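Below: one structure, written as structure tokens.
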Protein chains: 2
Amino acid sequence: MDELHNLHRPEDLRQAFRKYLKRHGIKHTVARRKILDAVLELHGHFEAEQALNLLHEHGHNVGKATVYRTLPLLVDCGILKQVRFEVKQAHYEHAFGEGPHDHMICRRCGRITEFASEDVLELCARIARRHHFHVTGHRFQFFGLCWECSIRCPVAALPLPSETEASHRHTRE
Amino acid sequence: MDELHNLHRPEDLRQAFRKYLKRHGIKHTVARRKILDAVLELHGHFEAEQALNLLHEHGHNVGKATVYRTLPLLVDCGILKQVRFEVKQAHYEHAFGEGPHDHMICRRCGRITEFASEDVLELCARIARRHHFHVTGHRFQFFGLCWECSIRCPVAALPLPSETEASHRHTRE
DNA sequence: ATGCTTGCAAAACGTTTGCACAGGG
DNA sequence: CCCTGTGCAAACGTTTTGCAAGCAT
């Protein structure tokens with residue numbers, strides 16, 4: 001894990017990746033470089049396939065498997081962070097720049113809002129100390145209604161859109 | 001969402017499920033009853049297929065699809081809680097009995113430890129208030145080394161087993 | 001009697017792997 | 001030059017869906 005908290009220029013990240021690869025005896029190939037570049041062009045939360053699509057749009061012939069094999073390297077290197085929401089597929093976000101944060105997910109509109117997590121880190125440390133656990137990372141998310149949705153739908157009981165039609169009962173997620 | 005915090009006798013849960021189904025105009029069928037019973041026999045964290053296997057062991061001919069269609073109902077009803085760890089498949093646990101808790105996951109041995117989350121709930125509420133977000137649920141997990149593993153491996157840098165052999169580079173996670 | 005619910009099988013989904021070839025150290 | 005990395009396609013395991021038949025209301 002590199003410390004990239006204050007580096008966020010593409011050149012710095014590319015160099016960090018190169019150093020990481022060399023340090024681990026992994027080869028620095030065109031495909032890996034292209035995948036890093038694609039990933040740097042994506043913002044917010046993105047999935048593996050979005051990186052792949054971007055590569056194809058740019059005319060780069062990179063295989064899906066290579067993307068899936070490279071993303072874990074970028075995570076391990078500290079350039080990306082893996083984030084999992086209520087879906088099964090993995091999402092990624094940049095691990096540099098903006099400080100540590102966590103996520104609020106609106107069950108109604110799906111919007112994901114970030115919030116800074118100093119307090120979370122502190123709480124995390126306190127609980128971990130109590131259990132003799134050595135923390136290296138955490139995930140804190142909460143679910144509910146964002147402000148806009150709670151205005152449109154003032155009932156506290158969270159009636160999901162699918163709730164209003166009986167036929168959608170099984171497609172809820 | 002029903003309030004089942006203090007009910008944990010099988011009969012109470014069965015009745016709660018029946019009421020939930022009726023209230024939502026969903027039919028109370030044998031398959032659904034059997035799935036509830038199977039789920040009540042499972043403890044800790046379990047996956048959909050474990051419920052299915054248990055049903056088959058008991059000689060009940062229930063389809064895999066029906067299990068997958070019923071688990072969300074049990075979650076919505078408040079009997080089950082869906083938990084996702086670093087794997088892609090969904091895990092479930094009982095939502096009744098033991099109070100609200102969160103999870104610590106050891107990256108080395110995979111052990112999952114629970115801890116009570118009063119402080120987490122409070123923090124959750126505080127952050128949510130600041131963002132005008134209406135919380136209905138949360139997920140708080142941290143990752144790292146459990147006590148036993150941190151003794152076996154005193155280096156703080158968390159050398160994963162896969163880290164020690166270069167050939168495992170890509171099969172990590 | 002109506003139409004929700006079922007079991008089955010097959011599809012869908014994101015992800016992983018086996019393989020022969022390409023290319024970096 | 002060797003051995004790692006690649007693209008392709010096929011496999012993977014979990015979850016979803018289409019369908020005809022079954023069953024609760």
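What you see is a predicted model; the values in this text were computed from it and never measured.
- A side-chain hydrogen bond (donor to acceptor under 3.5 Å, both in side chains) with B/Gln141 is found for exactly one of A/His138, A/Arg139, A/Gln141, namely A/Arg139.
- Taking CD of B/Glu47 as the start and NE2 of B/His91 as the end, the distance is 4.0 Å to the nearest 0.5 Å.
- Comparing atom distances between the A/Thr29 side chain and each of C/dT15, D/dA24, C/dG24 picks out C/dG24 as nearest.
- Residues B/Ala90 and B/Val30 each lie close to DNA chain D; by heavy-atom proximity, the contact nearer the 5' end of the strand is made by B/Ala90.
- The structure places NE2 of A/His101 at 9.5 Å from CZ of A/Phe115, a figure rounded to the nearest 0.5 Å.
- Sequence order on DNA chain D of the closest nucleotides to A/Val62 and B/Tyr68 puts A/Val62 first from the 5' end.
- In terms of heavy-atom proximity, B/Phe142 sits nearest to A/Gly137 at CB-O, 3.1 Å.
- An OP1 or OP2 oxygen of C/dC8 is reached within less than 4.0 angstrom by a side-chain nitrogen or oxygen of B/Asn61.
- Distance check, rounded to the nearest 0.5 Å: NE2 of B/His28 to NZ of B/Lys19 gives 13.5 Å.
- Using a 4.0 Å heavy-atom cutoff across all strands shown, A/Glu47 reaches no nucleic acid atom at all.
- Around the CD atom of B/Glu122, the shell of radius 6.0 Å holds no more than 12 heavy atoms that belong to other residues, nucleotides or ligands.
- A donor N or O paired with an acceptor N or O is not found under 3.5 Å between the base of C/dG24 and the side-chain atoms of A/Arg32.
- For A/Lys27, counting side-chain heavy atoms from C-beta on, the closest listed nucleotide (C/dG7, D/dT4, D/dG7) is D/dT4.
- Five base pairs at each end of the helix from C/dA1-D/dT25 to C/dG25-D/dC1 define two local axes, and these are offset by 30° (rounded to 10°).
- Counting any heavy atom pair closer than 4.0 Å across all strands shown, A/Ala65 reaches a base atom.
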